[in-house]
Amino acid sequence: MNVTYQNIKGTFDILPDAQDGSDAPIPGSPAWQYVESVIRDVMARYNMLEIRTPILEPTPLIARGIGQLTDIVAKEMFAFERGDTQYVLRPEVTAPVMRAYLQHRLDQRGGVQKLFYIGPCFRAESPQKGRYRQFHQFGCEVIGSPDPRADAETIALMMDVYAAFGITDLRLRLNTLGDEQSRPRYREALQAYLAPHADRLSETSRQRLRTNPLRILDTKDERERALLAGAPRLIDFVDDESRAFYEEVKALLDLLDIPYEEDPFLVRGLDYYTHTAFEVESDNLGAQRALGGGGRYDLLSREIGSKQAVPAVGFAAGIERLLLELTARGLPLPGIPAPDAFLVALGDEATRWVFATARTLRRAGLRVALDLKGRSMKAQMREANRQRARYTVIVGKDELAARQAQVKHMESGEQVAVAFDALAGFLLEHRAAVAA
RNA sequence: GUGACCGUAGCUCAGUUGGUUAGAGCGCCAGGUUGUGGCCCUGGAGGUCGAGGGUUCAAAUCCCUUCGGUCACCCCA
(Lines give C-alpha, C1' and ligand atoms only; values in the text may rest on other atoms or scores of the structure.)
Protein backbone atom coordinates (compact mmCIF):
# COMPACT_ATOMS: atom_id res chain seq x y z
CA MET A 1 0.00 0.00 0.00
CA ASN A 2 1.75 3.11 -1.15
CA VAL A 3 1.09 6.31 0.65
CA THR A 4 -0.33 9.09 -1.46
CA TYR A 5 -1.22 11.73 1.10
CA GLN A 6 0.12 12.70 4.47
CA ASN A 7 -1.30 14.71 7.29
CA ILE A 8 -0.48 18.40 7.05
CA LYS A 9 2.76 19.56 8.62
CA GLY A 10 2.39 20.26 12.31
CA THR A 11 -0.75 18.16 12.64
CA PHE A 12 -1.03 14.55 13.77
CA ASP A 13 -3.38 11.61 13.79
CA ILE A 14 -4.47 10.18 17.10
CA LEU A 15 -4.55 6.43 16.52
CA PRO A 16 -6.09 3.86 18.88
CA ASP A 17 -2.61 3.01 20.10
CA ALA A 18 0.37 5.25 20.69
CA GLN A 19 2.59 5.99 17.73
CA ASP A 20 6.12 4.86 18.39
CA GLY A 21 7.26 5.95 14.95
CA SER A 22 8.18 9.40 16.13
CA ASP A 23 10.70 10.80 18.57
CA ALA A 24 7.90 12.76 20.20
CA PRO A 25 5.23 10.10 20.41
CA ILE A 26 1.54 10.95 20.35
CA PRO A 27 -0.37 8.84 22.86
CA GLY A 28 -3.30 6.77 21.62
CA SER A 29 -6.94 7.79 21.74
CA PRO A 30 -7.62 5.96 25.04
CA ALA A 31 -5.01 8.19 26.70
CA TRP A 32 -6.69 11.27 25.24
CA GLN A 33 -10.08 10.11 26.42
CA TYR A 34 -8.68 9.51 29.88
CA VAL A 35 -7.07 12.94 30.08
CA GLU A 36 -10.23 14.62 28.87
CA SER A 37 -12.37 12.71 31.36
CA VAL A 38 -10.15 13.79 34.27
CA ILE A 39 -10.33 17.40 33.10
CA ARG A 40 -14.11 17.19 32.83
CA ASP A 41 -14.32 15.71 36.28
CA VAL A 42 -12.36 18.57 37.87
CA MET A 43 -14.38 21.11 35.87
CA ALA A 44 -17.56 19.52 37.17
CA ARG A 45 -16.37 19.76 40.76
CA TYR A 46 -15.90 23.49 40.27
CA ASN A 47 -19.40 23.66 38.80
CA MET A 48 -18.08 24.70 35.42
CA LEU A 49 -20.39 24.18 32.44
CA GLU A 50 -19.10 23.22 29.04
CA ILE A 51 -19.29 25.59 26.11
CA ARG A 52 -18.52 24.51 22.54
CA THR A 53 -17.88 27.27 20.06
CA PRO A 54 -17.07 26.92 16.35
CA ILE A 55 -13.54 26.22 15.19
CA LEU A 56 -14.09 28.91 12.57
CA GLU A 57 -14.48 32.50 13.73
CA PRO A 58 -14.55 35.87 12.02
CA THR A 59 -10.98 37.13 11.67
CA PRO A 60 -11.70 40.59 13.12
CA LEU A 61 -12.91 39.05 16.38
CA ILE A 62 -9.54 37.40 16.89
CA ALA A 63 -7.49 40.28 15.56
CA ARG A 64 -9.20 42.85 17.74
CA GLY A 65 -9.64 40.54 20.67
CA ILE A 66 -6.10 39.38 21.20
CA GLY A 67 -4.35 42.36 19.65
CA GLN A 68 -2.98 43.29 16.24
CA LEU A 69 0.55 43.43 17.59
CA THR A 70 0.63 39.98 19.09
CA ASP A 71 2.68 37.38 17.26
CA ILE A 72 -0.41 35.24 16.94
CA VAL A 73 -2.31 37.78 14.91
CA ALA A 74 0.67 39.23 13.12
CA LYS A 75 2.02 35.99 11.68
CA GLU A 76 0.49 32.83 13.07
CA MET A 77 -3.11 32.73 11.94
CA PHE A 78 -4.67 30.33 9.48
CA ALA A 79 -6.99 32.85 7.89
CA PHE A 80 -8.77 32.99 4.57
CA GLU A 81 -11.41 34.87 2.76
CA ARG A 82 -14.52 33.60 1.07
CA GLY A 83 -16.91 36.02 -0.51
CA ASP A 84 -16.80 39.11 1.63
CA THR A 85 -16.23 37.28 4.90
CA GLN A 86 -12.88 36.74 6.57
CA TYR A 87 -12.49 33.48 8.43
CA VAL A 88 -9.86 32.27 10.83
CA LEU A 89 -9.18 28.92 12.45
CA ARG A 90 -9.31 29.93 16.09
CA PRO A 91 -5.84 30.32 17.64
CA GLU A 92 -7.31 30.39 21.16
CA VAL A 93 -10.72 30.15 22.75
CA THR A 94 -11.10 33.06 25.16
CA ALA A 95 -12.17 35.60 22.56
CA PRO A 96 -14.71 33.20 21.01
CA VAL A 97 -16.17 32.45 24.43
CA MET A 98 -16.50 36.16 25.19
CA ARG A 99 -18.09 36.60 21.78
CA ALA A 100 -20.65 33.92 22.60
CA TYR A 101 -21.27 35.46 26.02
CA LEU A 102 -22.03 38.85 24.49
CA GLN A 103 -23.94 37.49 21.51
CA HIS A 104 -26.29 35.38 23.61
CA ARG A 105 -26.60 38.01 26.35
CA LEU A 106 -25.49 35.55 28.99
CA ASP A 107 -25.06 38.51 31.32
CA GLN A 108 -28.87 38.73 31.41
CA ARG A 109 -29.06 35.34 33.07
CA GLY A 110 -27.80 36.78 36.28
CA GLY A 111 -24.92 35.53 38.35
CA VAL A 112 -21.51 34.59 37.09
CA GLN A 113 -21.03 32.46 33.99
CA LYS A 114 -18.49 29.72 34.61
CA LEU A 115 -17.65 28.03 31.33
CA PHE A 116 -15.07 25.48 30.28
CA TYR A 117 -13.96 24.09 26.94
CA ILE A 118 -11.78 21.38 25.46
CA GLY A 119 -10.89 21.47 21.79
CA PRO A 120 -8.49 22.15 18.96
CA CYS A 121 -6.80 25.45 18.14
CA PHE A 122 -4.56 26.41 15.24
CA ARG A 123 -1.41 28.46 14.91
CA ALA A 124 0.91 28.58 11.92
CA GLU A 125 4.16 28.29 13.86
CA SER A 126 6.93 25.92 12.93
CA PRO A 127 6.38 22.75 14.92
CA GLN A 128 8.68 21.52 17.64
CA LYS A 129 8.44 19.64 20.89
CA GLY A 130 5.03 20.24 22.47
CA ARG A 131 4.09 22.71 19.77
CA TYR A 132 1.87 21.86 16.85
CA ARG A 133 -0.11 23.76 14.26
CA GLN A 134 -3.25 22.01 15.33
CA PHE A 135 -3.07 21.64 19.08
CA HIS A 136 -5.59 21.11 21.82
CA GLN A 137 -6.46 23.35 24.69
CA PHE A 138 -8.64 23.11 27.71
CA GLY A 139 -9.52 25.99 29.91
CA CYS A 140 -12.19 27.88 31.73
CA GLU A 141 -13.60 31.37 31.74
CA VAL A 142 -15.28 32.97 34.75
CA ILE A 143 -17.26 35.82 33.29
CA GLY A 144 -19.11 38.55 35.11
CA SER A 145 -17.21 38.77 38.39
CA PRO A 146 -14.78 41.54 39.34
CA ASP A 147 -14.02 39.72 42.59
CA PRO A 148 -10.48 38.45 43.34
CA ARG A 149 -12.06 35.19 44.42
CA ALA A 150 -12.84 34.54 40.76
CA ASP A 151 -9.11 34.86 40.01
CA ALA A 152 -8.11 32.63 42.89
CA GLU A 153 -10.74 30.04 42.02
CA THR A 154 -9.54 29.95 38.42
CA ILE A 155 -5.96 29.39 39.52
CA ALA A 156 -7.04 26.78 42.07
CA LEU A 157 -8.99 24.94 39.39
CA MET A 158 -6.05 24.89 37.04
CA MET A 159 -3.74 23.55 39.75
CA ASP A 160 -6.33 20.96 40.74
CA VAL A 161 -6.46 19.63 37.19
CA TYR A 162 -2.75 18.86 37.40
CA ALA A 163 -3.16 17.56 40.94
CA ALA A 164 -5.84 15.17 39.66
CA PHE A 165 -3.10 13.62 37.52
CA GLY A 166 -0.74 13.45 40.47
CA ILE A 167 1.27 16.50 39.49
CA THR A 168 1.60 18.79 42.48
CA ASP A 169 5.04 20.35 42.15
CA LEU A 170 4.62 22.70 39.21
CA ARG A 171 5.89 26.25 39.34
CA LEU A 172 3.11 28.83 39.46
CA ARG A 173 4.26 32.29 38.49
CA LEU A 174 2.10 35.25 39.35
CA ASN A 175 2.07 38.93 38.52
CA THR A 176 -0.24 41.87 38.23
CA LEU A 177 -0.45 43.93 35.08
CA GLY A 178 -2.39 46.75 36.68
CA ASP A 179 -5.50 48.31 35.29
CA GLU A 180 -6.41 50.62 32.46
CA GLN A 181 -5.06 53.68 34.25
CA SER A 182 -1.81 52.36 35.64
CA ARG A 183 -0.67 50.43 32.57
CA PRO A 184 -0.15 53.49 30.34
CA ARG A 185 1.78 55.23 33.12
CA TYR A 186 4.06 52.24 33.52
CA ARG A 187 4.39 51.88 29.80
CA GLU A 188 5.76 55.40 29.55
CA ALA A 189 8.14 54.91 32.44
CA LEU A 190 9.48 51.71 30.90
CA GLN A 191 9.92 53.37 27.55
CA ALA A 192 11.71 56.27 29.21
CA TYR A 193 14.04 53.86 30.99
CA LEU A 194 14.82 51.69 27.98
CA ALA A 195 15.02 54.35 25.28
CA PRO A 196 18.57 55.50 26.12
CA HIS A 197 19.71 51.87 25.96
CA ALA A 198 18.00 51.08 22.67
CA ASP A 199 21.33 50.11 21.14
CA ARG A 200 21.58 47.23 23.59
CA LEU A 201 18.22 45.83 22.61
CA SER A 202 17.51 43.23 19.96
CA GLU A 203 15.76 44.24 16.79
CA THR A 204 12.39 42.91 17.87
CA SER A 205 12.71 44.50 21.28
CA ARG A 206 13.55 47.86 19.68
CA GLN A 207 10.41 47.53 17.67
CA ARG A 208 8.41 46.64 20.75
CA LEU A 209 9.85 49.60 22.58
CA ARG A 210 7.61 51.71 20.40
CA THR A 211 4.63 49.41 19.95
CA ASN A 212 4.34 47.20 23.02
CA PRO A 213 7.14 47.79 25.54
CA LEU A 214 5.69 45.50 28.18
CA ARG A 215 6.44 42.52 25.99
CA ILE A 216 10.14 43.23 26.34
CA LEU A 217 9.85 42.18 29.96
CA ASP A 218 9.67 38.49 29.20
CA THR A 219 12.71 38.40 26.95
CA LYS A 220 15.12 35.54 27.41
CA ASP A 221 18.10 37.49 26.11
CA GLU A 222 20.69 37.68 28.88
CA ARG A 223 21.83 41.20 28.07
CA GLU A 224 18.31 42.47 27.98
CA ARG A 225 17.48 40.77 31.24
CA ALA A 226 20.44 42.44 32.87
CA LEU A 227 19.25 45.74 31.55
CA LEU A 228 15.74 45.08 32.83
CA ALA A 229 17.00 44.32 36.32
CA GLY A 230 17.21 48.06 36.90
CA ALA A 231 13.97 48.88 35.15
CA PRO A 232 11.00 50.39 36.95
CA ARG A 233 8.56 47.87 38.39
CA LEU A 234 4.95 47.78 37.35
CA ILE A 235 3.84 47.19 40.91
CA ASP A 236 5.09 50.68 41.79
CA PHE A 237 2.72 52.22 39.26
CA VAL A 238 -0.52 50.53 40.12
CA ASP A 239 -3.03 52.44 42.18
CA ASP A 240 -4.10 51.45 45.66
CA GLU A 241 -7.16 49.64 44.43
CA SER A 242 -5.25 47.46 41.98
CA ARG A 243 -2.61 46.76 44.58
CA ALA A 244 -5.26 45.74 47.09
CA PHE A 245 -6.79 43.46 44.46
CA TYR A 246 -3.46 41.78 43.83
CA GLU A 247 -2.82 41.42 47.56
CA GLU A 248 -6.22 39.79 47.98
CA VAL A 249 -5.57 37.29 45.19
CA LYS A 250 -2.34 36.33 46.92
CA ALA A 251 -4.05 36.09 50.29
CA LEU A 252 -6.69 33.79 48.82
CA LEU A 253 -4.02 31.57 47.27
CA ASP A 254 -2.33 31.44 50.67
CA LEU A 255 -5.66 30.51 52.22
CA LEU A 256 -5.91 27.57 49.79
CA ASP A 257 -2.26 26.60 50.39
CA ILE A 258 -1.37 27.15 46.76
CA PRO A 259 2.29 28.14 46.51
CA TYR A 260 3.31 30.70 43.91
CA GLU A 261 6.27 32.77 42.86
CA GLU A 262 5.82 36.43 42.16
CA ASP A 263 7.45 37.36 38.88
CA PRO A 264 7.39 41.05 38.00
CA PHE A 265 8.54 40.18 34.48
CA LEU A 266 5.64 37.92 33.71
CA VAL A 267 3.61 39.44 30.91
CA ARG A 268 1.53 37.26 28.72
CA GLY A 269 1.50 37.25 24.96
CA LEU A 270 -2.05 38.48 24.56
CA ASP A 271 -3.07 42.10 24.87
CA TYR A 272 -6.31 41.69 26.75
CA TYR A 273 -4.95 40.93 30.19
CA THR A 274 -5.25 43.29 33.15
CA HIS A 275 -4.57 42.75 36.83
CA THR A 276 -3.84 39.11 37.47
CA ALA A 277 -1.53 37.20 35.14
CA PHE A 278 -0.24 33.71 35.84
CA GLU A 279 1.55 30.86 34.21
CA VAL A 280 2.29 27.28 35.18
CA GLU A 281 5.52 25.75 34.03
CA SER A 282 7.41 22.51 34.18
CA ASP A 283 11.05 21.57 33.80
CA ASN A 284 10.24 18.54 31.69
CA LEU A 285 9.13 20.19 28.48
CA GLY A 286 12.25 21.71 26.97
CA ALA A 287 11.76 25.11 25.46
CA GLN A 288 7.98 24.82 25.64
CA ARG A 289 7.96 24.84 29.39
CA ALA A 290 4.64 26.63 29.87
CA LEU A 291 1.87 24.13 30.52
CA GLY A 292 -0.79 26.76 30.77
CA GLY A 293 -1.57 30.25 31.84
CA GLY A 294 -4.17 32.89 32.08
CA GLY A 295 -5.30 35.98 33.83
CA ARG A 296 -7.94 38.61 34.14
CA TYR A 297 -9.18 40.25 30.97
CA ASP A 298 -11.64 42.97 31.92
CA LEU A 299 -10.84 44.89 28.73
CA LEU A 300 -11.61 42.17 26.21
CA SER A 301 -15.37 42.73 25.96
CA ARG A 302 -14.87 46.35 24.97
CA GLU A 303 -12.10 45.43 22.53
CA ILE A 304 -14.55 43.26 20.63
CA GLY A 305 -17.32 45.81 20.54
CA SER A 306 -19.31 45.62 23.73
CA LYS A 307 -20.31 48.99 25.15
CA GLN A 308 -19.87 47.78 28.66
CA ALA A 309 -16.81 46.27 30.27
CA VAL A 310 -17.39 42.71 31.40
CA PRO A 311 -15.07 41.59 34.17
CA ALA A 312 -13.67 38.14 33.47
CA VAL A 313 -10.81 35.81 34.31
CA GLY A 314 -9.72 32.49 32.88
CA PHE A 315 -6.93 30.15 31.92
CA ALA A 316 -5.94 28.02 28.97
CA ALA A 317 -3.65 25.00 28.97
CA GLY A 318 -2.24 22.65 26.36
CA ILE A 319 -3.28 19.02 26.25
CA GLU A 320 -0.22 17.93 24.25
CA ARG A 321 2.01 19.46 26.91
CA LEU A 322 0.02 17.82 29.67
CA LEU A 323 0.43 14.49 27.90
CA LEU A 324 4.15 15.17 27.52
CA GLU A 325 4.40 15.97 31.20
CA LEU A 326 2.53 12.81 32.18
CA THR A 327 4.83 10.76 29.96
CA ALA A 328 7.97 12.45 31.29
CA ARG A 329 6.88 11.60 34.82
CA GLY A 330 6.18 8.01 33.88
CA LEU A 331 2.56 8.36 34.97
CA PRO A 332 0.43 5.56 33.53
CA LEU A 333 -1.79 6.23 30.53
CA PRO A 334 -4.45 3.75 29.45
CA GLY A 335 -3.93 1.77 26.26
CA ILE A 336 -6.31 -0.15 24.04
CA PRO A 337 -9.05 -1.75 26.15
CA ALA A 338 -9.25 -5.55 26.23
CA PRO A 339 -12.50 -7.29 25.22
CA ASP A 340 -14.45 -9.13 27.90
CA ALA A 341 -14.86 -11.98 25.48
CA PHE A 342 -13.72 -13.08 22.04
CA LEU A 343 -16.15 -15.40 20.31
CA VAL A 344 -14.48 -18.24 18.40
CA ALA A 345 -16.51 -20.18 15.84
CA LEU A 346 -15.85 -23.45 14.02
CA GLY A 347 -17.96 -24.18 10.99
CA ASP A 348 -20.66 -22.28 9.17
CA GLU A 349 -23.46 -22.95 11.61
CA ALA A 350 -21.36 -21.92 14.59
CA THR A 351 -20.25 -18.79 12.75
CA ARG A 352 -23.86 -17.72 12.37
CA TRP A 353 -24.62 -18.56 15.99
CA VAL A 354 -21.60 -16.58 17.17
CA PHE A 355 -22.53 -13.59 15.03
CA ALA A 356 -25.98 -13.42 16.58
CA THR A 357 -24.77 -14.15 20.09
CA ALA A 358 -22.21 -11.35 19.91
CA ARG A 359 -25.07 -8.89 19.61
CA THR A 360 -26.92 -10.43 22.54
CA LEU A 361 -23.85 -10.17 24.73
CA ARG A 362 -23.12 -6.63 23.57
CA ARG A 363 -26.63 -5.58 24.43
CA ALA A 364 -26.02 -7.04 27.85
CA GLY A 365 -23.18 -4.54 28.23
CA LEU A 366 -20.14 -6.65 27.41
CA ARG A 367 -17.22 -5.67 25.19
CA VAL A 368 -17.26 -8.48 22.66
CA ALA A 369 -14.91 -9.21 19.74
CA LEU A 370 -15.12 -11.81 17.00
CA ASP A 371 -13.50 -12.77 13.73
CA LEU A 372 -14.78 -10.96 10.65
CA LYS A 373 -12.40 -12.48 8.15
CA GLY A 374 -13.37 -16.14 8.13
CA ARG A 375 -10.14 -17.25 9.67
CA SER A 376 -9.09 -20.60 11.10
CA MET A 377 -9.71 -21.43 14.72
CA LYS A 378 -6.02 -21.12 15.44
CA ALA A 379 -6.00 -17.66 13.90
CA GLN A 380 -9.08 -16.69 15.88
CA MET A 381 -7.42 -17.81 19.09
CA ARG A 382 -4.28 -15.91 18.17
CA GLU A 383 -6.34 -12.81 17.53
CA ALA A 384 -8.12 -13.22 20.87
CA ASN A 385 -4.76 -13.48 22.56
CA ARG A 386 -3.39 -10.43 20.78
CA GLN A 387 -6.38 -8.40 21.87
CA ARG A 388 -5.85 -9.66 25.40
CA ALA A 389 -9.44 -10.89 25.58
CA ARG A 390 -10.31 -12.01 29.08
CA TYR A 391 -12.28 -15.00 27.82
CA THR A 392 -12.71 -16.87 24.58
CA VAL A 393 -16.09 -18.43 23.96
CA ILE A 394 -15.54 -21.44 21.70
CA VAL A 395 -18.43 -22.90 19.77
CA GLY A 396 -18.47 -25.70 17.19
CA LYS A 397 -20.74 -28.58 16.26
CA ASP A 398 -20.54 -30.29 19.63
CA GLU A 399 -21.35 -27.14 21.55
CA LEU A 400 -24.32 -26.36 19.33
CA ALA A 401 -25.66 -29.84 19.93
CA ALA A 402 -25.21 -29.59 23.70
CA ARG A 403 -26.29 -25.95 23.81
CA GLN A 404 -23.28 -25.04 25.90
CA ALA A 405 -20.10 -23.17 24.96
CA GLN A 406 -16.53 -23.82 25.96
CA VAL A 407 -15.46 -20.73 27.86
CA LYS A 408 -11.72 -20.36 28.28
CA HIS A 409 -10.05 -17.93 30.68
CA MET A 410 -7.09 -16.84 28.57
CA GLU A 411 -4.70 -15.92 31.31
CA SER A 412 -4.99 -19.15 33.29
CA GLY A 413 -5.95 -21.39 30.40
CA GLU A 414 -8.79 -22.87 32.43
CA GLN A 415 -11.79 -23.86 30.40
CA VAL A 416 -15.35 -24.64 31.49
CA ALA A 417 -18.63 -25.48 29.76
CA VAL A 418 -21.29 -22.79 30.13
CA ALA A 419 -24.87 -23.23 28.97
CA PHE A 420 -25.84 -20.83 26.19
CA ASP A 421 -28.53 -19.30 28.37
CA ALA A 422 -26.05 -18.58 31.14
CA LEU A 423 -23.31 -17.06 28.95
CA ALA A 424 -24.08 -13.38 29.45
CA GLY A 425 -24.49 -13.85 33.18
CA PHE A 426 -21.24 -15.75 33.47
CA LEU A 427 -19.25 -13.18 31.50
CA LEU A 428 -20.75 -10.23 33.35
CA GLU A 429 -19.99 -11.84 36.65
CA HIS A 430 -16.40 -12.56 35.69
CA ARG A 431 -15.78 -9.28 33.97
CA ALA A 432 -12.49 -7.52 34.56
CA ALA A 433 -12.63 -4.74 37.11
CA VAL A 434 -13.16 -1.48 35.27
CA ALA A 435 -9.79 0.13 34.69
CA ALA A 436 -9.16 3.46 36.36
C1' G B 1 10.99 33.34 9.20
C1' U B 2 16.35 31.47 10.83
C1' G B 3 19.78 27.45 12.25
C1' A B 4 21.40 22.33 13.41
C1' C B 5 20.63 17.15 12.97
C1' C B 6 17.91 13.18 10.62
C1' G B 7 14.75 10.33 6.37
C1' U B 8 16.62 2.26 4.16
C1' A B 9 10.27 -3.16 5.23
C1' G B 10 4.56 -1.76 9.86
C1' C B 11 8.55 -0.64 14.02
C1' U B 12 13.98 -0.39 15.67
C1' C B 13 18.13 -0.43 12.77
C1' A B 14 22.57 -2.69 9.65
C1' G B 15 24.36 -1.85 4.74
C1' U B 16 32.03 -2.33 4.19
C1' U B 17 36.69 2.68 -0.14
C1' G B 18 29.97 3.81 -5.07
C1' G B 19 29.94 -2.70 -7.67
C1' U B 20 25.27 -8.19 -9.13
C1' U B 21 18.71 -10.40 -7.10
C1' A B 22 19.07 -4.33 -0.40
C1' G B 23 19.59 -7.41 5.00
C1' A B 24 18.59 -8.49 10.52
C1' G B 25 15.52 -8.43 14.90
C1' C B 26 10.59 -7.50 16.33
C1' G B 27 5.72 -7.37 14.21
C1' C B 28 2.34 -9.55 10.38
C1' C B 29 0.52 -14.17 7.57
C1' A B 30 0.67 -19.54 7.17
C1' G B 31 2.25 -24.45 8.56
C1' G B 32 4.14 -27.85 12.48
C1' U B 33 -1.49 -29.31 15.93
C1' U B 34 -7.23 -33.47 12.37
C1' G B 35 -11.45 -28.16 17.36
C1' U B 36 -7.59 -24.29 21.33
C1' G B 37 -3.79 -18.49 21.99
C1' G B 38 1.01 -17.34 24.54
C1' C B 39 6.74 -20.52 24.14
C1' C B 40 9.47 -23.09 20.28
C1' C B 41 10.57 -24.64 15.07
C1' U B 42 9.82 -23.94 9.65
C1' G B 43 8.26 -21.12 5.62
C1' G B 44 6.08 -16.65 3.43
C1' A B 45 4.39 -11.74 2.32
C1' G B 46 6.14 -6.84 2.72
C1' G B 47 10.93 -1.88 0.31
C1' U B 48 10.08 2.70 -6.59
C1' C B 49 16.36 3.07 0.02
C1' G B 50 11.30 10.32 1.38
C1' A B 51 10.79 12.75 -3.73
C1' G B 52 13.07 15.05 -8.15
C1' G B 53 17.43 16.05 -10.81
C1' G B 54 22.79 15.48 -11.61
C1' U B 55 27.87 12.92 -11.66
C1' U B 56 29.30 7.78 -13.16
C1' C B 57 30.00 1.97 -17.07
C1' A B 58 27.46 1.48 -12.17
C1' A B 59 24.27 5.40 -6.71
C1' A B 60 20.85 3.44 -0.59
C1' U B 61 26.14 5.24 -0.78
C1' C B 62 28.81 11.32 -4.03
C1' C B 63 26.54 16.50 -5.46
C1' C B 64 22.20 19.89 -5.92
C1' U B 65 17.09 20.93 -5.10
C1' U B 66 12.72 19.82 -2.65
C1' C B 67 9.35 17.58 0.89
C1' G B 68 8.90 15.64 5.70
C1' G B 69 10.57 14.74 10.84
C1' U B 70 13.20 16.23 15.34
C1' C B 71 15.37 20.00 18.27
C1' A B 72 16.58 25.07 19.08
C1' C B 73 15.85 30.52 18.09
C1' C B 74 11.36 33.53 17.94
C1' C B 75 6.85 33.07 20.36
C1' C B 76 3.59 30.47 22.97
C1' A B 77 -0.46 25.98 25.06
Side-chain angles (χ1 to χ4, degrees), chain A residues 1-12 15 17-25 66 69-76 91-94 118-139 158 202-205 207-208 215 218-221 267-270 279-282 285-294 315-325 342 344-347 350 373 375-389 391-400 406-415:
Chain A
M1 295 191 213
N2 39 0
V3 178
T4 48
Y5 295 109
Q6 293 183 26
N7 60 299
I8 283 171
K9 176 187 183 128
T11 69
F12 53 86
L15 305 180
D17 53 350
Q19 296 179 56
D20 47 0
S22 164
D23 293 336
I66 68 187
L69 298 173
T70 59
D71 282 32
I72 293 174
V73 171
K75 54 182 193 192
E76 295 170 1
E92 57 104 49
V93 190
T94 299
I118 302 179
C121 295
F122 303 82
R123 290 182 200 172
E125 303 178 279
S126 72
Q128 64 188 68
K129 186 175 188 177
R131 195 171 79 183
Y132 300 91
R133 291 183 159 187
Q134 175 174 347
F135 59 105
H136 299 78
Q137 286 198 329
F138 67 94
M158 181 167 68
S202 67
E203 198 182 324
T204 50
S205 289
Q207 210 172 331
R208 282 181 182 146
R215 293 294 306 288
D218 68 355
T219 179
K220 284 173 199 148
D221 185 297
V267 290
R268 310 213 65 246
L270 285 52
E279 212 163 276
V280 174
E281 52 187 45
S282 154
L285 301 184
Q288 261 58 49
R289 64 178 186 279
L291 275 167
F315 81 88
I319 294 184
E320 288 80 1
R321 292 185 186 178
L322 171 55
L323 252 3
L324 228 41
E325 183 70 22
F342 191 107
V344 175
L346 288 104
K373 285 173 73 172
R375 304 217 286 176
S376 69
M377 179 181 187
K378 185 191 181 79
Q380 292 182 56
M381 291 299 290
R382 205 168 36 231
E383 181 64 22
N385 184 62
R386 188 191 0 259
Q387 293 192 25
R388 302 185 336 277
Y391 286 96
T392 44
V393 174
I394 302 161
V395 175
K397 250 199 230 108
D398 300 348
E399 288 73 21
L400 287 172
Q406 289 296 318
V407 177
K408 181 172 186 173
H409 186 252
M410 292 298 274
E411 201 180 314
S412 65
E414 281 169 36
Q415 188 167 314

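Taking atom CG on A:L324 and atom P on B:U70, their separation rounds to 11 Å, with Å as the unit. The distance from atom CG of A:D71 to atom C1' of B:C74 is 7 Å, rounded to the nearest whole Å. Between the CG atom of A:N7 and the C1' atom of B:G69 there is a distance of 11 Å, given to the nearest Å. In this structure, A:E325 atom CD and B:A77 atom C1' are separated by 13 Å, rounded to whole Å. Nucleotide B:G68 holds its C1' atom 17 Å from the OH atom of A:Y5, rounded to whole Å. A straight line from CZ of A:F12 to C1' of B:U70 spans 15 Å, rounded to a whole angstrom. Distance CZ (A:F315) to P (B:C76): 19 Å, rounded to an integer number of Å. For the pair A:E320 CD and B:C71 C1', the interatomic distance rounds to 18 Å; values are reported in whole Å.
Checking the phosphate oxygens (OP1, OP2) of B:A72, a side-chain nitrogen or oxygen of A:Q128 falls inside 4.0 Å. Checking the phosphate oxygens (OP1, OP2) of B:C76, a side-chain nitrogen or oxygen of A:R215 falls inside 4.0 Å.
Across all strands shown, the partner of B:C62 is B:G54, judged by Watson-Crick or G-U wobble contacts whose two distances both fall under 3.5 Å. Look at B:A24: its Watson-Crick or wobble partner, with both distances under 3.5 angstrom, is B:U12. Pair check for B:G38 finds none; no Watson-Crick or G-U wobble contact set falls under 3.5 Å. In this structure, B:G43 forms a base pair with B:C29, meeting either the Watson-Crick or the G-U wobble geometry with both donor-acceptor distances under 3.5 Å. Using Watson-Crick or G-U wobble geometry with both donor-acceptor distances under 3.5 Å, B:G1 finds its partner in B:C73.
Closest approach of A:G293 and A:M158 over heavy atoms only: N-SD, 4.3 Å. The two atoms that bring A:A350 and A:G396 nearest to each other are CB-CA, 4.1 Å, heavy atoms only. Of all heavy-atom pairs spanning A:T392 and A:A384, the tightest one is CG2-CB, 3.4 Å.
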As a quick check of understanding, evaluate salt bridge (Lys or Arg N to Asp or Glu O under 4.0 Å) for A:R133 and A:E125, giving each step before the final call. CA-CA 6 Å; A:R133 291 183 159 187; A:E125 303 178 279; over 6 Å; no
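B:C49 and B:U61: their C1' atoms are spaced 10 Å apart (whole Å). Look at the C1' atom in both B:U55 and B:G3: the space between them is 29 Å, to the nearest Å. Straight-line distance between the P atoms of B:U48 and B:U2: roughly 32 Å, to the nearest whole Å. Nucleotides B:A9 and B:G23 are separated by 10 Å at their C1' atoms, to the nearest Å. Using C1' as the reference atom, B:A45 and B:G27 are 13 Å apart when rounded to the nearest Å. Separating the C1' atom of B:G47 from that of B:C5 is a span of 25 Å, rounded to the nearest Å. Rounded to whole Å, the separation between the C1' atoms of B:C73 and B:C13 comes to 31 Å. For the P atoms, the distance linking B:C67 with B:G31 amounts to 48 Å, nearest Å.
Distance check: A:E279 CD to A:E281 CD gives 6.0 Å after rounding to the nearest 0.5 Å. If you take CD on A:E325 and OG on A:S282, they are separated by 3.0 Å, rounding to the nearest 0.5 Å. With values rounded to the nearest 0.5 angstrom, A:R388 atom CZ is found 11.0 Å from A:E411 atom CD. Here the CZ atom belonging to A:F135 is positioned 10.5 Å from the CD1 atom belonging to A:I319, to the nearest 0.5 angstrom.
When A:M377, A:E383, A:R375 are each tested for a side-chain contact (heavy atoms from CB on, under 4.5 Å) with A:V344, only one passes: A:M377.
Taking for each of A:K373 and A:P127 the nucleotide of RNA chain B with the nearest heavy atom, the 5'-most of the two is the partner of A:K373.
When heavy atoms are screened at a 4.0 angstrom cut-off, A:G294 is found touching no nucleic acid atom at all. At a threshold of 4.0 angstrom between heavy atoms, the contacts of A:R388 with the nucleic acid are absent.
Side-chain contact of A:E320 with A:H136: a donor-acceptor pair under 3.5 Å is present, judged by distance alone.
On a pure distance criterion of 3.5 Å, no polar donor-acceptor pair joins the side chain of A:R289 and the base of B:C76.
Ring-centre distance between A:F12 and A:Y132: below the 6.0 Å cut-off.
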Produce a footprint string for nucleotides 31-39 of chain B: one letter per nucleotide, 5' end first; B if the base is under 4.0 Å from any protein heavy atom, S if only the sugar-phosphate is, - if neither. ----BBBB-
Short heteroatom pairs, N/O only, protein and nucleotides 1-7 of chain B, under 3.5 Å:
residue, atom, partner, partner atom, Å
B:G1, O6, A:S126, OG, 3.0

